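Naming: A, B, ... by sequence-line order, numbering from 1 per chain. Just so it is clear, the model here is predicted, and its values are computed rather than measured.
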There are 2 protein chains.
Amino acid sequence: MAKKTEPEANRDASTVRDVAARAGVSASTVSRVLGGTYPVAAATRARVLKAMRELDYVVNAHARALGGSTNKTVAFVVDDVTGPFYAHIARGVEEQASEEGRLCMLCTTHGDPKRVLAVVETMREQRADAVIVVGGAWEDKAYQDRMTHFAHALDRVGSRLVLVGRPPLGPGIPATVVEYDNEGGAFAMTTHLLSSGHRRIAYVGRMPGLSTSGQRLSGFTRAHELLGLTPDPELIVDGAFSRSVGYQLARQLLADGREFTAVFAATDMVAAGVIQALREGGRRIPDDVAVAGYDDIPVARDVYPALTTVNVPQEELGRAAVRLALHRDELPDSQHLVLGTHVVLRDSTRRLNR
Amino acid sequence: MAKKTEPEANRDASTVRDVAARAGVSASTVSRVLGGTYPVAAATRARVLKAMRELDYVVNAHARALGGSTNKTVAFVVDDVTGPFYAHIARGVEEQASEEGRLCMLCTTHGDPKRVLAVVETMREQRADAVIVVGGAWEDKAYQDRMTHFAHALDRVGSRLVLVGRPPLGPGIPATVVEYDNEGGAFAMTTHLLSSGHRRIAYVGRMPGLSTSGQRLSGFTRAHELLGLTPDPELIVDGAFSRSVGYQLARQLLADGREFTAVFAATDMVAAGVIQALREGGRRIPDDVAVAGYDDIPVARDVYPALTTVNVPQEELGRAAVRLALHRDELPDSQHLVLGTHVVLRDSTRRLNR
DNA sequence: TTGAAAGCGCTAACAC
DNA sequence: GTGTTAGCGCTTTCAA
C-alpha cells in the first residue's frame, strides 16, 4: 500500500502554482506578494498569504537563484573549524553574512592545497556571492597561479574571492584581501622579549613555505636586527601549528640541551604544548623560561600561567571580509585592508633576572 | 567607457549551450558528459571536455538542483561555532557530509530559540538534504511543537530533521536523533567523586529548562540517591555554559562561605572558569577542592591541573547525524542512536583526605 | 492591479 | 550515440 519513494525525492512540496490555484490568482501574483516589491491589492495579498499558510508553502531557493543570478550565499573555506582561531573568524563571517541576508557555507580543507582548489570550484558552481579563504597561503608558484585563476573565474560569474590573513595575489587581480599586521605583531612581541633582557629566544613552529609563518619569523628577525642581534638558527625549529607539535618540539629542545630563556611560539596552540613540555621538564614559567604565543585565542587565558600573546582581531577579520566583498562597488578603494595587532601581556613572560 | 555592472550580476558565465555550440554538439550531449553516467563517444566527449576547459565552464548548481530535486547540501544549525564542543561536532558533520558528496551550510542561532526556527525555515527553502540541529533543547511546549511542525515540513520536501544531543520529539515524528548518554556520564562522574570520599559536591552551571542540563543534573542526583544521599540544594547553582559564568559562580560560592570539597561543573568551559576562581581564592586543586567537567574538549588538557571530565564523542555525533539522515531508507531502525560517554581521569580530582 | 508567456541552466524522456 | 523536446519553480517583461 505504502508507496516507496526515493529518500531525496521532493514528495509534494507546494509550488507557487499550487498557491495560486488555491488563492484563485495567477502564479505571477503569488510571486509578487513573495517579492513584496510590487503593488498587489490588499485583499488579493491576504488571500495569497492565507493560501501559503494553509499549504505550508516555502519558496524554492534554487528556482529563485536560477532566475535572478544571486544566490545569497557566502562561502567560508578553512583548514579546520576546530581550530579556535578559525572558529572565531568563522563567527565573524557568519554574523556579518547573516546581517547582510546571506547564508554561510562552510568548507574545510585540512590543510590540503588541492582541496582548497576543489572547494573553490564547488563554490563557483554554487554561485556564492563571495568565497572567503582563510589562513596562510602556500608560497608556491603553481598554487598562486591557480588562486589567481579562480579570482578571475569567480569574478566572471559575479562572485568574489576574499583572502583573509594572507597576502594579496598581486595588483589588478580581482580579489578582496583582509590581512592583519602579522609581521608587526611578531616584531612587537620579540621586542618585548628582547627588552626584557632575553637574548636566547627559541622560535617554535616555523613552517617553511607558509606565508603566515614567514611573516611572523620576519618580525622576529627584524626585532633582533634592530638591536644588532642575530637569532640563533639552532633555536628556530620547524613544525605545524598544533599543540602536540609544540609539545614535541619543546621536549626536543630540552633533550638537545639547547639554551634559551624564552620561547616565542608560532601560535597559542603551539604555546600550550610548549608550556606542558617545559613544565614536565622541570622549568618554571616565567621564572626559568618566558613563553609567548600568537593569536590570542581563549586557551591563552586557560593555560597556566596565562599566556602573553599577540592579539589578532579574529571576528573583525571575518566581518570585514564579508562586508568588503559584498559592498565592493561602494568601497572600491578598501579592497585591501590591514587590521592592527597588539601584544597582550599576561603571566607567562617577565623580565629576565640573571 | 567602463560599464557599471551590478555586483551580483552573472556577467557571462558560460552555459551548457555555449559549450555545446563550441563543441559542435547539442546541450544534452554536454549534459551527458557532465553526468558521466551515460554513454558518449570518446571523441565527442573529448571535444566537449576541451570546450569546457576553454570556456572555463562550471555547472550551475542551482539549475541542477532545480531539475533533480536534491541539492546535495546538509545544514548544520548551532548556537555558536566558537564553542569547541560544537566545533568538534561540526567537524564530524563536515567530514561526513563531504564524504557523502554533500556541501555543508553553517547557521548560528546564539541560543535564541526564535532564530532556530527561522534558520530551519531557511533550510527548507534551500531544500537541504538534512537539517542538523545541535545542542540542548528548550523544554518548552511551544518550542517543541514548532520543532515537530518542522520535522513534518522538512519530511514533506524530502528533507530530514536531525536532533543531536537532545531528546526525541516523540514517537512517529519524522526526525533522526543522535544522542549521547548524558545522564549516564554525569552519573558515572558523580559516582567517581562520591566514591573518592567527597560528600559535599557543588554542581555549577544548572540551566533550568534546558534538556542537557536536566539530564546531567539527573545523573548527579541519581548517583547521590544510590548511596542514600541527597545533594544539598545550596550547592547547586544556576548559570549558562560559559567560562565567565563558571568563574563568577565559583567566586560567589566562595564568597558565600559554602562548604564543598568538590565541584562538578556543567561543562569543561565552566570548569575552566571555576578553576581560575578557585585558584584566585587560594584553594589548591585537587588537594583542597576536586574539580570535574563535562564534554572533554581540548581545553580540558590545557587547564592546570588537567581536568577530569566526561568524554563525549563529538566528532562521531556529527558523523552519525549525517550518516543516519542520508541513509535513512537503508537504516530505518537506527534513527535513534545513543552513543556512550565515559569518565576520563586526569589531575583535577583525587581521593578526599580528611 | 493582474494575467499570460518567456526564460533562467540543466536533466531526462523520447525519438532518430 | 546523439539531437529534440519538455519541463523543474520562479521572476519578469509585456499586455490588458
Side-chain angles (χ1 to χ4, degrees), chain A residues 6 8-49 51-52 55-72 124-127 156-158, chain B residues 6 8-49 51-52 55-72 124-127 156-158:
Chain A
E6 283 303 295
E8 338 262 304
N10 249 31
R11 299 199 230 279
D12 59 347
S14 36
T15 74
V16 272
R17 253 190 282 286
D18 300 328
V19 175
R22 179 172 258 264
V25 298
S26 76
S28 353
T29 301
V30 174
S31 174
R32 291 198 259 260
V33 345
L34 232 30
T37 67
Y38 212 86
V40 174
T44 316
R45 140 172 286 109
R47 251 183 313 136
V48 170
L49 255 18
M52 284 183 181
L55 292 172
D56 196 29
Y57 172 83
V58 273
V59 290
N60 181 323
H62 297 295
R64 179 173 273 181
L66 184 54
S69 48
T70 162
N71 107 344
K72 299 290 176 197
R124 201 143 76 92
E125 295 179 3
Q126 296 285 329
R127 300 296 191 266
R156 227 172 295 131
V157 299
Chain B
E6 283 303 295
E8 338 263 304
N10 249 27
R11 298 199 231 279
D12 61 344
S14 36
T15 74
V16 273
R17 254 192 280 286
D18 300 329
V19 175
R22 179 172 257 264
V25 297
S26 76
S28 359
T29 302
V30 175
S31 174
R32 291 197 260 261
V33 345
L34 232 30
T37 66
Y38 212 86
V40 175
T44 316
R45 139 172 286 113
R47 252 183 313 137
V48 170
L49 257 15
M52 285 183 181
L55 293 172
D56 196 30
Y57 171 84
V58 273
V59 289
N60 181 323
H62 298 294
R64 180 174 272 181
L66 185 53
S69 48
T70 163
N71 108 345
K72 298 291 176 196
R124 201 142 76 93
E125 296 178 4
Q126 297 284 329
R127 301 295 191 267
R156 228 172 294 129
V157 299

Taking atom NZ of B:Lys72 and atom CZ of B:Arg64, what is their separation to the nearest 0.5 Å? 9.5 Å

Within residues 35-47 of chain B, find the residues that approach DNA chain C with a heavy atom at under 4.0 Å, and present them sorted by residue number. none

Heavy-atom check, side chain of B:Thr29 versus side chain of B:Arg47, under 4.5 Å: no

Is a side-chain donor or acceptor of B:His62 paired with a backbone partner of A:Gln126 at a separation under 3.5 angstrom? yes

At a heavy-atom distance below 4.0 Å, what parts of residues 22-34 of chain A sit against DNA chain D? A:Ser28, A:Ser31, A:Arg32, A:Leu34

Grab the NE2-C1' distance between A:His62 and C:dT11 for me, whole Å please. 15 Å

Measuring only between side-chain heavy atoms, which start at C-beta, is B:Val19 closer than 4.5 Å to B:Arg22? no

Can you tell me how far P of C:dG9 sits from CE of B:Met52, to the nearest Å? 15 Å

Round to the nearest Å and state the distance from A:Lys72 atom NZ to D:dC10 atom C1'. 15 Å

Not counting sequence neighbours, which residues clear side chain to side chain donor-acceptor pair (under 3.5 Å) with A:Ser28? List them please. A:Ser26

Atom CZ of B:Arg17 and atom P of D:dT4: how far apart are they, to the nearest Å? 12 Å

Residue list, side chain to side chain donor-acceptor pair (under 3.5 Å) with A:Ser31, at least two apart or on another chain: none

Integer-rounded Å distance: D:dC10 C1' and B:Asn60 CG: 14 Å

Residue list, side chain to side chain donor-acceptor pair (under 3.5 Å) with B:Arg32, at least two apart or on another chain: none

For B:Met52, which of B:Val33, B:Val59, B:Asp18 qualifies under side-chain contact (heavy atoms from CB on, under 4.5 Å)? B:Val33

Any heavy-atom pair between the side chains of A:Asn60 and A:Thr15 that's under 4.5 Å? no

Between A:Arg127 and B:Val58, is there a side-chain heavy-atom distance shorter than 4.5 Å? yes

What is the distance, to the nearest angstrom, from the CZ atom on A:Arg64 to the P atom on C:dG9? 18 Å

Can you tell me how far P of C:dG9 sits from CZ of A:Arg127, to the nearest Å? 8 Å

Starting at atom CG of A:Leu66, determine the distance to atom P of D:dT12, rounded to an integer number of angstrom. 12 Å

Side-chain contact, heavy-atom cut-off 4.5 Å: A:Val48 with A:Val40? no

Would you mind reading off the bend of the helix from C:dT1-D:dA16 to C:dC16-D:dG1 from its two end axes, five pairs each, to 10 degrees? 40°

